[in-house]
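Letters go in sequence order (proteins before strands), and every chain restarts at 1. Reckoned from all heavy atoms, side chains included, excluding hydrogens, waters and symmetry mates.
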Amino acid sequence: MSTHTIQEEIPGTVIFDGRMAMKGYALNKMCYSFNGAAARDAFRADEEAYMEKFGLNEQQKAAIRARNVLQLIDAGGNIYYLAKFAGIFGLTVQDVGAQQTGMTVEAFKEYLRKQGE
Amino acid sequence: MSTHTIQEEIPGTVIFDGRMAMKGYALNKMCYSFNGAAARDAFRADEEAYMEKFGLNEQQKAAIRARNVLQLIDAGGNIYYLAKFAGIFGLTVQDVGAQQTGMTVEAFKEYLRKQGE
Amino acid sequence: MARIIGGLTSSHIPAVGNAYARKMFEDPYWKPFFDGYPPVHGWLKENRPDVAVVFYNDHGLNFFLDKMPTFSIGAAASYENQDEGWGIPTIGTFEGHPELSWHIIEGVVNDGFDVCSCQEMAVDHGFTVPVQLFWGDREENPIKTIPICINTVQHPLASPKRCYEFGKAIGRAISSFPGDEKVVVLGTGGLSHQLDGKRAGFINKEFDLMCMDKIVDEPETLAKLSIHDLVREAGAQGAEFILWMAMRGALGDKVAEVHRNYHIPISNTAAGLMLLETRA
Amino acid sequence: MARIIGGLTSSHIPAVGNAYARKMFEDPYWKPFFDGYPPVHGWLKENRPDVAVVFYNDHGLNFFLDKMPTFSIGAAASYENQDEGWGIPTIGTFEGHPELSWHIIEGVVNDGFDVCSCQEMAVDHGFTVPVQLFWGDREENPIKTIPICINTVQHPLASPKRCYEFGKAIGRAISSFPGDEKVVVLGTGGLSHQLDGKRAGFINKEFDLMCMDKIVDEPETLAKLSIHDLVREAGAQGAEFILWMAMRGALGDKVAEVHRNYHIPISNTAAGLMLLETRA
Ligand SMILES: [Fe+3]
Ligand SMILES: [Fe+3]
C-alpha cells in the first residue's frame with residue numbers, strides 16, 4: 001500500500017524530494033554541466049551569460065553570485081551538483097560545512113574530530 | 001527464484017537480449033545518432049568515415065553498405081535503431097518487411113491484408 | 001482525491017501520425033482505422049478528464065542502450081515531441097502535471113517498484129500518436145499528460161504480471177492524490193506485429209481478440225503469460241501488450257467495456273482500440 | 001557455478017582519492033584510516049577473487065535528474081573514471097564482465113526488480129575509491145568489476161529493505177552463473193555524514209557501531225529502518241548505508257566478520273571498513 005505519511009522535519013536538513021526537484025532543476029542542470037572542464041571555463045569567463053543559458057531564476061542567480069550554499073539549497077540546489085560548483089573555487093566539503101554552520105573551518109574540523117571521541 | 005531456462009527458439013525471430021546487445025552496441029549507437037538531422041547528413045556525406053567514428057566492425061560495415069536488414073540484425077542491430085537507418089532512405093516498415101521476407105512490397109502488403117480475414 | 005474514470009488503448013503506429021497530418025480520415029485504407037475513434041471523442045467530451053497517464057514505450061528517442069530503465073515516469077512540466085529520424089512531422093510539446101507525477105513516484109517506490117524518474121523527457125510516436133488520436137487539437141481539447149515508459153527494446157523485459165502489478169500501484173497512487181482531477185489511463189501500442197526477422201509481417205488475429213476479451217474481466221489470466229509467450233503469439237513487437245496490462249492494472253478490479261475497434265492491417269500491425277470505464 | 005566468497009565495505013570519500021594519489025599513508029591525519037586496509041589486502045591475496053560486484057552511488061557524474069534510475073547495473077566491457085568537476089585525478093578504466101552482468105540482469109528482472117541496464121557507464125569516486133583502496137595497482141592485482149548503482153540523490157530512495165532484497169536477488173543470480181568465478185561484493189559509502197544544510201558535519205558514532213554490529217548477524221533488523229530513519233540517525237548522506245544493505249543481501253544467510261575498522265573523521269565522514277566471509 002502507498003503510504004504518503006507526512007514525515008516529521010529533521011532539523012537543519014532538507015530532503016531533496018520532488019518538491020525540491022521541481023524548484024531546482026535549472027540550477028542543478030547548470031551545476032551538473034560543471035563535470036566538463038569546458039563548461040567550468042565558460043562559467044568563469046561569463047557567469048551571467050552562463051546562468052542565463054540554463055534559465056536560472058532570480059533567486060538562483062543571486063545565490064550563485066553570493067556563493068552561498070544555504071541559499072543555493074533553498075533555491076532548489078542539490079548538494080551532489082552544488083559540490084561541482086564549489087569545486088570550481090577549490091572549496092572542500094569542510095569549507096562548505098563551515099560556511100553552512102557559521103563556523104570557522106578550524107572550528108568545523110574540531111567539531112568533526114570531537115564526534116569521534 | 002531466478003530461472004534461467006533456455007527458451008525454445010521462435011522461428012524467424014531474434015530476441016534482442018544481452019547476447020545481441022553485446023554484439024551490436026556500436027552499430028546501434030550509430031543508428032541511434034540518426035535521430036538528429038545533422039548526423040543523418042554527416043552519414044550521407046561520408047558513410048565510411050561515419051561508421052569508423054562509431055567503431056563498427058567489418059560485419060556491421062558490410063551490412064550497412066548492403067542496406068541488408070537481416071544482415072544488420074545478425075550483426076547485432078536492434079530493429080528500433082535500425083528503423084532510423086532505414087528512414088534515411090525513406091524506407092517504410094513494409095519495405096523493410098518485404099526485404100526480410102524476400103517478397104515484393106505488393107506481395108508483403110497482400111500477406112498482411114490476408115491475415116485480417 | 002483524484003479519480004480514475006477510465007482506460008483507453010490504441011495502437012501508436014508511426015504511419016498514423018503521417019496519415020493524421022494529411023487528414024486521410026476518409027481514405028479507403030485508413031477509414032476502417034480512423035472510424036474507431038469518434039465514439040471515444042464523444043465519451044471524452046462528455047467526461048472531460050483533466051489528466052492522461054500514458055503507458056507507452058520509447059522507440060529509441062529518449063532512451064538508448066547506455067541507460068535503459070525498465071519503468072520510467074515523467075516528472076516534467078512539459079514533454080517535447082522530437083525528430084525520430086524519419087518523416088513524421090513533430091507536433092510540439094505536451095503539458096505535464098509534475099505534482100501528480102511526484103505523488104505517483106513516491107507511491108510506487110514505496111510499494112517496491114524501482115522506477116526511473118525523468119525530469120526531462122522527449123516523447124516519440126508511442127506517446128504522441130495516441131494522444132493526438134484521442135484529443136486532436138490540444139488548444140481546443142487541453143489535457144495534462146504523464147508519460148510512463150516501459151522498456152520493450154532491450155530484453156529482459158518486465159513480465160506481463162509485473163507490468164500489471166505496476167499498473168495497480170500507479171492506480172493506488174493516483175487515487176490517493178489530494179486533488180479533484182479526473183484521470184484516464186492509456187495503454188498504447190500493439191496489438192500483434194513483428195517488424196524484424198524472417199517472420200516480419202506476422203499477425204495473430206485470434207490471439208489479439210482473445211486478449212481484447214480477457215483484458216476486460218480476466219486480466220489475471222493474461223498476467224500468466226510470459227514475455228516469450230507474447231513474442232511467440234503476438235510477434236516481436238506484440239510484446240507491447242505489456243503496456244495494456246499496466247493500463248488495466250491501474251483501472252482496478254471492475255471495468256465495463258464501452259467501445260472497441262480492431263483492424264488489420266495498418267502498416268505491419270493489427271490495430272486495437274478499447275475504451276473501458278471503471279466501475280466501483 | 002560462480003561463488004560469492006565474501007563482502008567488503010568501505011567509505012568512498014573523494015578526499016581519499018587525493019590522499020591516495022599523494023601516498024599519504026603515514027600522514028597522522030590519514031594513518032588511522034589507511035591502516036585499516038592491509039588486512040584486507042592480505043585476505044584478497046590469499047583468496048584471489050576474479051570479480052568484484054560493486055554497489056555504489058553515483059554523485060552526479062553518470063546520472064542526472066533527467067533520467068534517475070533507482071537501480072542501475074553496468075553491462076559494459078569496461079567502465080571509465082571521468083572528471084567529476086573538481087580536483088581528483090582520474091584513474092583510467094576498469095575491466096567489466098558483461099556476460100555475468102547480463103546473467104545478473106536477467107535474474108533480477110525475472111525476480112521482479114525493475115533495473116536500468118547500462119551498456120556504457122562512467123564511474124565516479126563512489127566506485128573508484130574503494131576499488132583502488134582494495135586492489136591498488138590494477139595491473140598488478142587485476143580484477144573484473146560490475147558496478148551496480150543505487151540512487152541516493154533524488155528522493156524517494158529505495159528503502160533499506162528493498163535494497164536488502166535486491167542484494168539477495170543479485171546473490172542468487174551470481175550463484176547460478178555457469179562459470180567458476182570467485183566473486184566479492186562491495187558495499188561502498190557511508191557511514192554517518194551530512195554535507196548539506198545547517199546540520200552539516202553531523203556524525204553519529206553510536207548508530208554507526210550499531211549498524212556494523214547488526215549487519216553481520218541481524219541484517220533483518222536493519223532492514224526495518226526507513227530512509228527517514230537513516231537520514232535522521234546517520235545524516236543526509238548517511239542514507240548511503242542502503243548500499244551496505246544490498247551488499248549484505250548478496251552474501252546470503254550466514255557470514256563471519258573477519259576484519260573491521262572505524263574512524264572519525266575523514267573529511268566530513270565516519271569511515272567504516274568491514275570484511276565479511278560467506279559461510280555455508
Ligand atoms: Fe511500437
Ligand atoms: Fe558518497
Side-chain angles (χ1 to χ4, degrees), chain B residues 5 7-21 24-25 28-29 31-37 39-40 69-70 72-74 77-94 96-103 107-109 111-117, chain C residues 13-15 18 29 32 57-66 68 82-88 122 124 126 152-157 192-206 208 226-229 231-233 235-237 239 262-271:
Chain B
T5 50
Q7 305 276 13
E8 101 266 30
E9 288 263 325
I10 300 169
T13 305
V14 175
I15 303 274
F16 192 80
D17 59 6
R19 195 176 51 89
M20 296 306 293
Y25 193 74
N28 290 317
K29 191 171 178 179
C31 291
Y32 177 69
S33 79
F34 295 145
N35 279 316
R40 301 194 291 271
V69 178
L70 289 177
L72 285 163
I73 292 170
D74 199 46
N78 175 299
I79 190 66
Y80 290 100
Y81 308 112
L82 295 180
K84 295 167 197 298
F85 171 64
I88 294 182
F89 308 102
L91 298 176
T92 69
V93 287
Q94 292 170 342
V96 169
Q99 191 200 78
Q100 294 176 98
T101 53
M103 297 185 203
F108 185 74
K109 284 183 179 175
Y111 167 63
L112 289 165
R113 202 191 56 73
K114 279 224 162 137
Q115 293 178 93
E117 285 174 357
Chain C
I13 307 155
N18 261 327
Y29 182 84
N57 59 317
D58 180 82
H59 301 72
L61 175 68
N62 195 61
F63 297 99
F64 180 59
L65 302 174
D66 62 331
M68 185 56 73
Q82 291 176 3
D83 186 359
E84 296 183 48
W86 62 79
I88 327 181
D124 72 6
T152 63
V153 174
Q154 175 67 65
H155 288 251
L157 312 184
S192 62
H193 63 305
Q194 175 151 343
L195 304 177
D196 52 333
K198 288 189 181 146
R199 200 171 67 140
F202 172 79
I203 287 175
N204 189 341
K205 185 173 176 176
E206 195 183 339
D208 288 343
S226 68
I227 290 292
H228 198 260
D229 291 333
V231 172
R232 189 182 55 245
E233 300 299 328
Q237 283 71 44
Y262 181 73
H263 174 66
I264 293 171
I266 289 300
S267 208
N268 286 18
T269 304

TODO: Could you have a look at B:Met103, B:Arg40, B:Arg113 and say which one has the most heavy-atom pairs with chain C under 4.5 angstrom?
DONE: B:Arg40
Open item on the list: So which residue, C:Ile227, C:Thr152, C:Ile13, ends up with the most heavy-atom pairs under 4.5 Å with chain B?
Closed with: C:Thr152
Task: Spatial distance of atom OG (C:Ser192) from atom CD1 (C:Ile264) [nearest 0.5 Å] - done: 6.0 Å
Open item on the list: Which one wins on heavy-atom pair count under 4.5 Å against chain C: B:Leu82, B:Leu91, B:Ile15, B:Val93?
Closed with: B:Val93
Task: Residue, of C:Gly201, C:Ala270, C:Ser226, that accumulates the most heavy atom pairs under 4.5 Å with chain B - done: C:Gly201
Task: Heavy-atom proximity to chain B below 4.5 Å, by part of C:Asp229 - done: neither
Task: Most contacts with chain B, counted as non-hydrogen pairs under 4.5 angstrom, among C:Leu157, C:Leu195, C:Val153 - done: C:Val153
TODO: Could you tell me which portion of B:Lys114 (side chain, backbone, both or neither) has an atom closer than 4.5 angstrom to a non-hydrogen atom of chain C?
DONE: neither
Open item on the list: Are B:Leu70 and C:Lys198 packed together at the side-chain level, in the sense that at least one heavy-atom pair is separated by less than 4.5 angstrom?
Closed with: yes
Task: Contacting region of B:Ala83 [heavy-atom separation from chain C under 4.5 Å] - done: both
- [ ] Answer with side chain, backbone, both or neither: which region of B:Glu117 has an atom nearer than 4.5 Å to a non-hydrogen atom of chain C?
- [x] backbone
- [ ] Side chain from CB out, backbone as N, CA, C, O: work out which of these in C:Tyr29 comes under 4.5 Å of a heavy atom of chain B, or both, or neither.
- [x] side chain
Task: Contacting region of B:Phe16 [heavy-atom separation from chain C under 4.5 Å] - done: both
Open item on the list: For C:Asp124, which atoms come within 4.5 Å of any heavy atom of chain B: side chain, backbone, both, or neither?
Closed with: neither
Task: Contact check, side chains of C:Ile203 and B:Leu112, non-hydrogen atoms, under 4.5 Å - done: yes
- [ ] Find the distance between CE (C:Met68) and CG (C:Asp58) and round it off to the nearest 0.5 Å.
- [x] 7.0 Å
Task: B:Gln94 vs C:Asn268 side-chain heavy atoms within contact, under 4.5 Å - done: yes
Open item on the list: Rounded to the nearest 0.5 Å, what separates atom CD in B:Gln115 from atom CZ in C:Phe202?
Closed with: 7.5 Å
Task: Side-chain touch C:Asp196/C:Gln237, heavy atoms, less than 4.5 angstrom - done: yes
TODO: Mind telling me whether B:Phe89 and B:Phe85 have parallel, tilted or perpendicular rings, with 30° and 60° as the class edges?
DONE: perpendicular
Open item on the list: Please classify the contact between B:Asn28 and chain C as side chain, backbone, both or neither, with a heavy-atom cut-off of under 4.5 Å.
Closed with: both
TODO: Can you tell which part of C:Gln82 gets under 4.5 Å to a heavy atom of chain B, answering side chain, backbone, both or neither?
DONE: neither
Open item on the list: Rounded to the nearest 0.5 Å, what separates atom NE2 in C:His228 from atom NE2 in C:His155?
Closed with: 9.5 Å
Open item on the list: For B:Tyr25 and C:Phe64, I'd like to know if the aromatic rings sit close, meaning centre-to-centre distance below 6.0 Å.
Closed with: yes
Task: Residue among C:Asn204, C:Val231, C:Leu61 with most heavy-atom pairs under 4.5 Å to chain B - done: C:Leu61
TODO: Against chain C, work out which of B:Ile79, B:Thr92, B:Val96, B:Thr101 has the most heavy-atom pairs shorter than 4.5 Å and name it.
DONE: B:Ile79
